[in-house]
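Report on one structure; see the data block that follows.
Both ligands and their constituent atoms are indexed starting at 1 by order of listing.
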Amino acid sequence: MRTISIINQKGGCGKTTTAVNLSACLAEKKRRVLLLDLDPQGHASISFDLQPETLEHTIYDAFSPSKANSFKWDDILIELDNNFYLAPSNLLLSFLERELSDFQGKERILLGRIMELQEPFDYIIVDCPPSLGLLTVNALCATSEAIVPVEPSFFSLHGLGKLLETVRLQEEKTGHIIKVQALATIYDKRTRFSRELLREIQEHFGENLLTTTIRMSVKLKEAASFGQPITVYDRGGIAYQDYRALAAEIILQEEHPAQKHEEYSLKPQRSEEGVVFRYKNPEANRVMLAGDFNNWSPDEGVVARKRSDGVWEKVIPLDPGTYQYRFIVDGKWVPDPNNPIKADDNLGGINSVISVN
Ligand SMILES: Nc1ncnc2c1ncn2[C@@H]1O[C@H](COP(=O)(O)OP(=O)(O)O)[C@@H](O)[C@H]1O
Ligand SMILES: [Mg+2]
């Protein structure tokens, strides 16, 4: 599964347009896609002809402590098309920052929720709000990639330093690396100014500037106002061409899709008996689990079993909180290869980290 945040604290640079139309084009290419609207303005939701304020369940439910026990993905997911789902948002989301001000682990709520998704997606695309606040930080914690749409205008390069610094800080804090790529949007190649700015974006991002450029097209504005993605509204113009090319470029970066799928299924997951940790190694003689939750005593309090496909499963009931852990594979202490969230153990080693909500 690939998880991609669409981020830029600047409004109007094409985040929502990219999130919506990239998602639609990926779904058209037979990928199973979840588009997550993380902007209280609900523009991605409106782009699919929804009226956010009338929705009973939104992505707010995934964050709010008051909904912690009743939250179900099934309640909020809207099926837009075959293999294409939306988690909508509305203005309620703007209250979260205050509601969660004293909440421990508030940056990792979305990550925890994504881990609870029963059915894996090929792509989760997160449309972020125009800020670097709690919602964007949650998106960065929960995704392993980010696309930064940059519109070639005078102010567009201004905030890029701050944005990249935020991403790096987040990486340092969590030990979780985010691959950042820039995308030139609303591009008018007729102006010299645009061409010069494109060159400047390239200087910032080097090879991490996506080859595809999204050209200026009034059809994208129209499509949004009709509540349709470009795949439905107009398949004859440059807007469709460009977003299809972007989807193709993103798909080309996929590595061994089958392997990715397996990685996802091996991530820690919540079950009725507790959290299930999994480590695949058919050759190992003994795999144990140790962490904060059992005072680092290997397999203490753990229900252990080895599956016939060589996956060692460790189940332990956990109260809400954030825990560090490692597997012990034939005596060697190793972090969880299928969990991207890691932390320095202050002794020169790396632990894996899990948040339970
Ligand atoms: N390639 C494009 N050509 C023309 N207009 C665009 C293009 N991309 C986005 N827009 C328009 O620009 C405005 C801002 O885009 P939007 O995706 O909502 O930005 P953000 O989510 O970053 O605030 C919208 O009216 C949108 O329709
Ligand atoms: Mg937007």
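A salt bridge links R113 with E116: the closest approach of a Lys/Arg side-chain nitrogen to an acidic carboxylate oxygen falls below 4.0 angstrom. Salt-bridge annotation for R168 and E165: absent, with no side-chain N of the basic residue lying under 4.0 Å from a carboxylate O of the acidic one. Salt bridge absent: E313 and K280 never bring a charged side-chain N and a carboxylate O closer than 4.0 Å.
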For ligand 1, run through the N/O pairs with the protein that fall under 3.5 Å and put one pair on each line.
from	atom 1	to	atom 2	distance (Å)
ligand 1	1 (N)	R215	O	2.9
ligand 1	3 (N)	S217	N	2.8
ligand 1	3 (N)	S217	O	3.4
ligand 1	17 (O)	T16	N	3.3
ligand 1	17 (O)	T17	N	2.8
ligand 1	17 (O)	T17	OG1	2.5
ligand 1	19 (O)	G14	N	3.1
ligand 1	21 (O)	T16	N	2.9
ligand 1	21 (O)	T16	OG1	2.9
ligand 1	22 (O)	G12	N	3.4
ligand 1	22 (O)	C13	N	3.2
ligand 1	22 (O)	G14	N	3.2
ligand 1	22 (O)	K15	N	2.9
ligand 1	22 (O)	K15	NZ	2.9
ligand 1	23 (O)	G12	N	2.7

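A continuous path of hydrophobic side-chain contacts links L26 to I147 [ILVMFWY only; heavy atoms under 4.5 Å].
For N294 (side chain) and G301 (main-chain N/O), no donor-acceptor pair under 3.5 Å exists by modelled atom type.
Residue pairs meeting the ring-ring contact (aromatic ring centres under 6.0 Å, His included) criterion with at least one partner in residues 80-109, sequence neighbours excluded, are F48-F84, Y85-F121.
Q41 lies apart from the Mg ion (ligand 2) in this respect, since none of its N, O or S atoms is found at a distance under 2.8 Å.
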